[in-house]
*Asks:* 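Have a look at this one before I ask anything.
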Amino acid sequence: MTIIESVRNYILKCPYLKDLQKVNVNFLPENTDNCSIEEVPNQNGSLTKKFLDGSSEREFNFVLACVFDYSEDLQTNIDSSEFFENFQEWIEDNDLNEIYPQLKDGLEPLSISVTTSGYLYYVPEKMDRAIYQIQLKLEYAKEN
């Protein structure tokens with residue numbers, strides 16, 4: 001199983017995603033209530049530390065991008081912000097309790113964290129929906 005598959009399976013367990021239509025990988029449909037887990041480039045690939053025995057520590061950076069309703073209605077936009085606030089708390093609680101994605105043999109998760117809070121990323125010309133996103137980082141150890 002790839003890391004992005006592991007991350008997707010993990011995120012699907014989040015109770016705040018239960019009302020969404022679908023959680024994709026590197027594809028975000030334009031209709032509302034869809035999300036996508038999208039890889040973000042890392043400096044030095046994914047490597048953060050290399051040890052003498054050949055093992056290493058690495059990171060996988062990604063965003064959770066979601067399409068939500070968007071309008072002049074204050075409550076609609078507050079609801080979108082609330083989703084990301086709740087999602088961030090879920091990630092932080094899981095990290096505190098060492099609940100991580102299940103990775104393939106030879107990889108051990110060390111932490112998962114939010115690196116940017118949820119924010120409005122893009123509003124199409126029609127202004128009836130918007131893309132919001134939150135950036136995260138999974139740190140893991142790789143055996144030699």
Side-chain angles (χ1 to χ4, degrees), residues 1-51 55-143:
M1 178 180 321
T2 65
I3 292 174
I4 201 163
E5 284 176 295
S6 297
V7 166
R8 181 179 182 272
N9 291 339
Y10 173 78
I11 286 177
L12 286 172
K13 296 175 185 172
C14 178
Y16 304 108
L17 273 73
K18 68 181 183 320
D19 294 330
L20 297 177
Q21 291 181 23
K22 193 167 185 184
V23 178
N24 293 294
V25 171
N26 292 323
F27 175 73
L28 186 60
E30 63 181 40
N31 50 323
T32 59
D33 296 330
N34 279 288
C35 288
S36 179
I37 299 163
E38 301 174 358
E39 298 173 72
V40 174
N42 292 357
Q43 280 188 321
N44 302 321
S46 61
L47 185 66
T48 58
K49 280 185 192 171
K50 187 142 180 118
F51 300 102
S55 64
S56 58
E57 288 184 3
R58 296 169 180 263
E59 63 182 35
F60 178 74
N61 292 312
F62 63 98
V63 297
L64 177 67
C66 301
V67 179
F68 290 139
D69 289 326
Y70 178 81
S71 72
E72 292 179 11
D73 176 53
L74 179 63
Q75 190 59 50
T76 298
N77 299 330
I78 288 173
D79 290 347
S80 296
S81 292
E82 180 183 29
F83 168 83
F84 285 103
E85 189 175 307
N86 290 336
F87 180 77
Q88 181 171 341
E89 280 184 34
W90 181 78
I91 291 290
E92 290 168 352
D93 288 346
N94 280 355
D95 188 56
L96 185 65
N97 293 301
E98 298 183 356
I99 301 169
Y100 302 124
Q102 181 71 41
L103 302 177
K104 68 181 179 181
D105 289 343
L107 303 180
E108 179 186 347
L110 303 173
S111 72
I112 190 163
S113 60
V114 171
T115 57
T116 64
S117 56
Y119 60 95
L120 179 65
Y121 177 71
Y122 174 74
V123 179
E125 205 172 304
K126 283 176 74 176
M127 295 184 62
D128 60 340
R129 64 191 182 287
I131 298 173
Y132 295 81
Q133 64 182 34
I134 187 168
Q135 189 165 345
L136 301 100
K137 174 173 58 173
L138 172 66
E139 294 178 294
Y140 62 97
K142 182 177 181 183
E143 296 176 358

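Predicted model only: the values in this text are computed from it and were never measured.
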*Asks:* Under the side chain to side chain donor-acceptor pair (under 3.5 Å) test, which residues partner N42, sequence neighbours left out?
*Replies:* N61
*Asks:* Please lay out, stage by stage, how N26 and E39 fare under the test side-chain hydrogen bond (donor to acceptor under 3.5 Å, both in side chains).
*Replies:* CA-CA 7 Å; N26 292 323; E39 298 173 72; 3.3 Å; yes
*Asks:* Taking disulfide (SG to SG under 2.5 Å) as the cut-off, I'd like each qualifying pair that reaches into residues 89-127, sequence neighbours left out, listed once.
*Replies:* none
*Asks:* Ignoring hydrogens, what is the shortest heavy-atom contact between V114 and T116? Give both atom names and the distance.
*Replies:* CG1-O, 3.1 Å
*Asks:* Residues in ring-ring contact (aromatic ring centres under 6.0 Å, His included) with F83, at least two apart?
*Replies:* F68
*Asks:* If the condition is side chain to side chain donor-acceptor pair (under 3.5 Å), which residues does S36 pass it with, not counting sequence neighbours?
*Replies:* E38
*Asks:* I'd like to check the side-chain contact (heavy atoms from CB on, under 4.5 Å) partners of N31; sequence neighbours left out, ordered by chain and number.
*Replies:* Q21, P29, N34
*Asks:* Could I get the full list of side-chain contact (heavy atoms from CB on, under 4.5 Å) partners for N86, not counting sequence neighbours?
*Replies:* Y16, E82
*Asks:* Working note: I99 + D93, criterion side-chain contact (heavy atoms from CB on, under 4.5 Å); need CA distance, chi angles, decisive distance, verdict.
*Replies:* CA-CA 8 Å; I99 301 169; D93 288 346; over 6 Å; no
*Asks:* Starting at CD1 of I131, measure out to OG1 of T32 and round the result to the nearest 0.5 Å.
*Replies:* 12.0 Å
*Asks:* Got a second to check how far S56's OG is from K142's NZ, nearest 0.5 Å?
*Replies:* 6.0 Å
*Asks:* With a 4.5 Å limit on heavy-atom distance, are the side chains of L17 and C14 in contact?
*Replies:* yes
*Asks:* Check side chain to side chain donor-acceptor pair (under 3.5 Å) between Y100 and all other residues, then give those that pass, not counting sequence neighbours.
*Replies:* D95
*Asks:* CD1/I37 to OH/Y10 distance, rounded to the nearest 0.5 angstrom?
*Replies:* 11.5 Å
*Asks:* Which heavy atom of P101 sits nearest a heavy atom of P109, and at what distance?
*Replies:* O-CG, 3.5 Å
*Asks:* Any side chain to side chain donor-acceptor pair (under 3.5 Å) involving residues 117-126? Give me the pairs, sequence neighbours left out, ordered by first then second residue.
*Replies:* Y119-Q133
*Asks:* What distance do L110 atom CG and E98 atom CD have between them, rounded to the nearest 0.5 Å?
*Replies:* 10.0 Å
*Asks:* Can you confirm whether I11 sits close enough to F87 that some side-chain heavy atom of one is under 4.5 Å from a side-chain heavy atom of the other?
*Replies:* yes
*Asks:* With sequence neighbours excluded, what pairs up with S111 under the side chain to side chain donor-acceptor pair (under 3.5 Å) test?
*Replies:* E139
*Asks:* Specify the closest pair of heavy atoms between Q102 and M1, including all atoms of both residues, with the distance to one decimal.
*Replies:* O-SD, 4.5 Å
*Asks:* Could you walk me through whether N9 and S6 satisfy the side-chain contact (heavy atoms from CB on, under 4.5 Å) test, starting with their C-alpha distance in whole Å, then the side-chain angles of each, then the deciding distance to 0.1 Å, before giving a yes or no?
*Replies:* CA-CA 5 Å; N9 291 339; S6 297; 5.8 Å; no
*Asks:* Counting N and O atoms only, with roles assigned by atom type, does the side chain of E5 sit under 3.5 Å from a partner on the main chain of T2, one being a donor and the other an acceptor?
*Replies:* yes
*Asks:* Pair I134, V63 - check side-chain contact (heavy atoms from CB on, under 4.5 Å), show working.
*Replies:* CA-CA 5 Å; I134 187 168; V63 297; over 6 Å; no
*Asks:* Are I3 and L107 side-chain neighbours, meaning at least one heavy-atom pair lies under 4.5 Å?
*Replies:* yes
*Asks:* What is the distance from atom NZ of K22 to atom CG of L28, rounded to the nearest 0.5 Å?
*Replies:* 12.0 Å
*Asks:* Mind listing the closest non-hydrogen atom pair of I112 and F62 along with its distance?
*Replies:* CD1-CZ, 4.3 Å
*Asks:* What closest approach, in Å, do R129 and P124 show between heavy atoms, and which atom pair accounts for it?
*Replies:* O-CD, 3.0 Å
*Asks:* Rounded to the nearest 0.5 Å, what's the gap from CD on E30 to CG on D128? Could you check?
*Replies:* 9.0 Å
*Asks:* Considering all heavy atoms of both residues, which atom of Y70 and which atom of N77 are nearest to each other, and what is their separation?
*Replies:* CD1-OD1, 3.6 Å
*Asks:* Residues two or more places apart in sequence or in another chain: which of them pass side-chain contact (heavy atoms from CB on, under 4.5 Å) with K13?
*Replies:* W90
*Asks:* Output all residues satisfying side-chain contact (heavy atoms from CB on, under 4.5 Å) with D73, sequence neighbours left out; order by chain, then residue number.
*Replies:* S71, Q75, T76
*Asks:* Quick one: which residue pairs count as a disulfide (SG to SG under 2.5 Å) with a foot in residues 62-138, not counting sequence neighbours?
*Replies:* C35-C66
